[in-house]
*Asks:* 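Would you mind keeping the following structure in view while I ask a few things?
Hydrogens, waters and symmetry mates are skipped; everything else that's a heavy atom, side chains included, is used. Whatever order the structure lists them in is the order used to number ligands and atoms, beginning at 1.
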Amino acid sequence: MPSDQTSAPLLAFGAHPDDIEFGAGGIIAKETRAGRPARFVVCSRGEAGTNGTPAQRMREAKAAAKILGATIEFLELDGDAHLELKSAHALALADIIRRMQPGIVLAPTLETNQHPDHWRLGTLVRDATRLARYGGVAELRARPAHAIGQLFFYALSPGSEPVGAQPILIDISAPEIVAGWTAAMTAHTSQRKTRNYAELQLARARVLGLDAGVAHAQALWPNDPLLFDSLAPLARGARRF
Ligand SMILES: [Zn+2]
């Protein structure tokens with residue numbers, strides 16, 4: 001595999017301070033422990049949440065990112081629960097993509113029956129990955145164009161999984177990976193008062209894993225067809241029942 005595919009940073013976008021950890025934290029734990037840099041960009045301070053102040057939620061997100069071995073920055077767009085689809089936002093996200101030059105980008109799924117910030121951010125990120133590679137966008141000229149390798153979507157709940165689309169599954173069964181992921185989720189102390197989200201995500205990973213014949217797995221949905229050099233990476237099936 002070319003070195004740029006394994007060493008280029010993974011860039012994950014979240015609408016709220018805990019989205020990335022809950023939707024893809026196990027995969028990120030596995031990637032960072034394998035040496036891939038990871039960067040988180042959180043697009044609100046979670047100020048509309050039922051529990052936790054913005055300052056507390058930012059602290060929790062920083063602690064969780066540190067556990068997962070990722071850097072984190074916050075980008076203020078329209079505020080929690082107010083995100084709108086605007087070309088200015090897609091351009092701001094594209095500028096971040098140009099600055100960070102990721103190989104893989106993660107964003108929330110586009111299913112609309114979930115928190116409206118999630119699918120709107122996923123849509124803005126999808127637009128941004130295109131704008132980032134277009135050479136002639138005036139607002140982006142300060143940095144060179146950048147084409148990412150892949151955009152994958154993560155689902156924050158069963159209801160936000162794309163209907164009828166096959167996911168790719170990542171085996172996150174190693175105990176130290178599950179432990180790191182769990183620690184990152186539970187770092188969001190304020191959110192544990194609202195719902196037991198960590199238990200929900202661990203149960204989802206357990207079901208996906210059992211169905212695939214491993215202990216735990218987490219799912220991603222590719223935005224584009226995946227290209228492989230051969231059938232070799234595809235020989236492992238993910239169906240046991
Ligand atoms: Zn969220």
*Asks:* If you link I, L, V, M, F, W and Y whenever their side-chain heavy atoms are under 4.5 Å apart, who else ends up in the same group as Leu140?
*Replies:*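 Traced through the cluster, Leu140 reaches Leu91, Leu131, Tyr134, Val137.
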*Asks:* N/O/S of Asp117 less than 2.8 Å from the Zn ion (ligand 1)?
*Replies:*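 Under 2.8 Å: Asp117 has no N, O or S contact with the Zn ion (ligand 1).
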*Asks:* Provide the atom name of the closest N, O or S atom of His118 relative to the Zn ion (ligand 1).
*Replies:*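 Of the nitrogen, oxygen and sulfur atoms in His118, the Zn ion (ligand 1) lies nearest to NE2.
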*Asks:* Looking at Glu161 and Arg204, is there a salt bridge between them, counting it only when a charged N and a carboxylate O are closer than 4.0 Å?
*Replies:*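 The answer is yes: the pair qualifies as a salt bridge.
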*Asks:* Using only heavy-atom distances, determine whether the side chains of Gln201 and Thr182 contain a donor-acceptor pair under 3.5 Å.
*Replies:*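 No - no donor-acceptor pair under 3.5 Å links their side chains.
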*Asks:* With a 4.5 Å heavy-atom cut-off, do Met100 and Glu73 have their side chains touching?
*Replies:*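 Answer yes - side chains close enough.
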*Asks:* List in chain and number order the residues that pass side chain to side chain contact (heavy atoms under 4.5 Å, CB included) with Ala174, two or more places apart in sequence or in another chain; answer none if no residue qualifies.
*Replies:*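 Here the qualifying residues are Glu176, Ile177.
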*Asks:* The Zn ion (ligand 1) is nearest to which N, O or S atom of Asp19?
*Replies:*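 This residue's closest N, O or S atom turns out to be OD1.
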*Asks:* Can you tell me which N/O/S atom of His16 has the shortest distance to the Zn ion (ligand 1)?
*Replies:*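 Closest to the Zn ion (ligand 1) among those atoms: ND1.
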*Asks:* Please confirm if an N, O or S atom belonging to His115, backbone or side chain, lies less than 2.8 Å from the Zn ion (ligand 1).
*Replies:*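 Given the 2.8 Å cut-off, His115 does not count as a ligand of the Zn ion (ligand 1).
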